[in-house]
Amino acid sequence: KPQSPACVHQFKQMQVTTLVCVSGTTFVTDTVNLAAGLVFGGTVWVMPDATATYPITGSLTVWGGSVRLARDLPDLTVNGGSVEINDTAVSPSGIVAINGGTLRLSACGNIGTLNGNAGTLDLTGLSRAITIATANWRPGLTLLKSRQSVEPTITTENAPYGRPRVVYVD
């Protein structure tokens with residue numbers, strides 16, 4: 001844990017069981033085998049894995065701060081803060097849950113299950129078609145869209161309590 005918000009950590013060639021970030025800036029390079037992550041504050045950059053040998057093997061949960069994610073993982077939970085997925089290699093096969101905060105999809109692979117409960121799903125930067133196998137919507141979610149961005153294909157859509165609010169930001 002950094003002692004100063006100006007502190008910068010860079011991890012290389014190591015096995016990390018659980019990364020916990022509270023403040024400062026953390027870079028997870030392409031040679032780090034990361035099992036799980038908890039982000040409460042600060043900034044975390046998860047760099048792409050050029051050899052596809054080091055995906056995140058567990059879940060990443062974000063409570064605050066910001067994460068720039070460029071590596072595949074099974075499960076992602078956004079409870080607060082902001083997460084930007086900016087690599088097509090990120091194709092969560094499990095559950096992506098948005099319970100608060102913002103999830104921005106700039107470049108992304110396909111998503112298994114998306115639970116949009118609250119917060120914001122920003123699709124304005126999506127530049128290629130993706131498929132979301134199952135989308136479970138709640139009215140507490142806001143979808144940000146652009147008429148220039150690509151719409152995801154949703155195979156199964158559920159909205160038992162109401163649909164999210166859609167805002168176009170052109």
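Position 1 is the first residue of the sequence; numbering continues from there. Keep in mind that the numbers below use all heavy atoms, side chains included, and drop hydrogens, waters and symmetry copies.
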For the hydrophobic clusters of this structure (ILVMFWY residues joined by side-chain heavy atoms under 4.5 Å, transitively), does one cluster hold both [X] and [Y]?
X      : Y      : answer
Ile95  : Trp137 : no
Tyr168 : Leu126 : yes
Leu114 : Val167 : no

Quick check on side chain to side chain contact (heavy atoms under 4.5 Å, CB included): which of Leu121, Leu123, Thr120, Val166 does Leu144 satisfy it with? Thr120

Going by side chain to side chain contact (heavy atoms under 4.5 Å, CB included), Leu103 matches just one of Val83, Asp122, Thr77. Which one? Val83

Which atom names give the shortest non-hydrogen contact between [X] and [Y], and what distance separates them?
X      : Y      : value
Asn86  : Ala70  : OD1-CB, 3.5 Å
Ala118 : Asn99  : CB-O, 3.4 Å
Pro164 : Leu141 : CB-O, 3.1 Å
Cys21  : Gly41  : SG-O, 3.3 Å
Pro74  : Pro92  : O-CB, 3.8 Å

Full working for side chain to side chain contact (heavy atoms under 4.5 Å, CB included) between Ile85 and Leu76: CA-CA 11 Å; Ile85 297 177; Leu76 170 66; 4.1 Å; yes

Between CD1 of Ile98 and CG of Asn136, what distance do you get to the nearest 0.5 Å? 11.5 Å

Calculate, to the nearest 0.5 Å, the distance between atoms OG1 and CG belonging to Thr57 and Leu34 respectively. 7.5 Å

Is there a donor-acceptor pair under 3.5 Å between the side chain of Asp87 and the backbone N or O of Pro48? no

Given 3.5 Å as the limit, does a donor-acceptor pair link the side chain of Arg71 with the main chain of Ala89, or not? no

If you draw a 6.0 Å radius around CZ in Arg128, do more than 12 non-hydrogen atoms from other residues or ligands fall strictly inside? yes

Let me see the working for Val90 and Leu73 under side chain to side chain contact (heavy atoms under 4.5 Å, CB included), right down to the final yes or no. CA-CA 7 Å; Val90 182; Leu73 75 170; 3.9 Å; yes

Under the salt bridge (Lys or Arg N to Asp or Glu O under 4.0 Å) test, residues paired with Arg163 that sit two or more places apart: Glu157

For Thr124 and Arg104, what are the C-alpha separation, side-chain angles and deciding distance, and is it a side chain to side chain donor-acceptor pair (under 3.5 Å)? CA-CA 8 Å; Thr124 59; Arg104 177 176 170 79; 2.9 Å; yes

Establish, from distance only, whether the side-chain atoms of Ser91 and Asn110 form a donor-acceptor pair under 3.5 Å. no

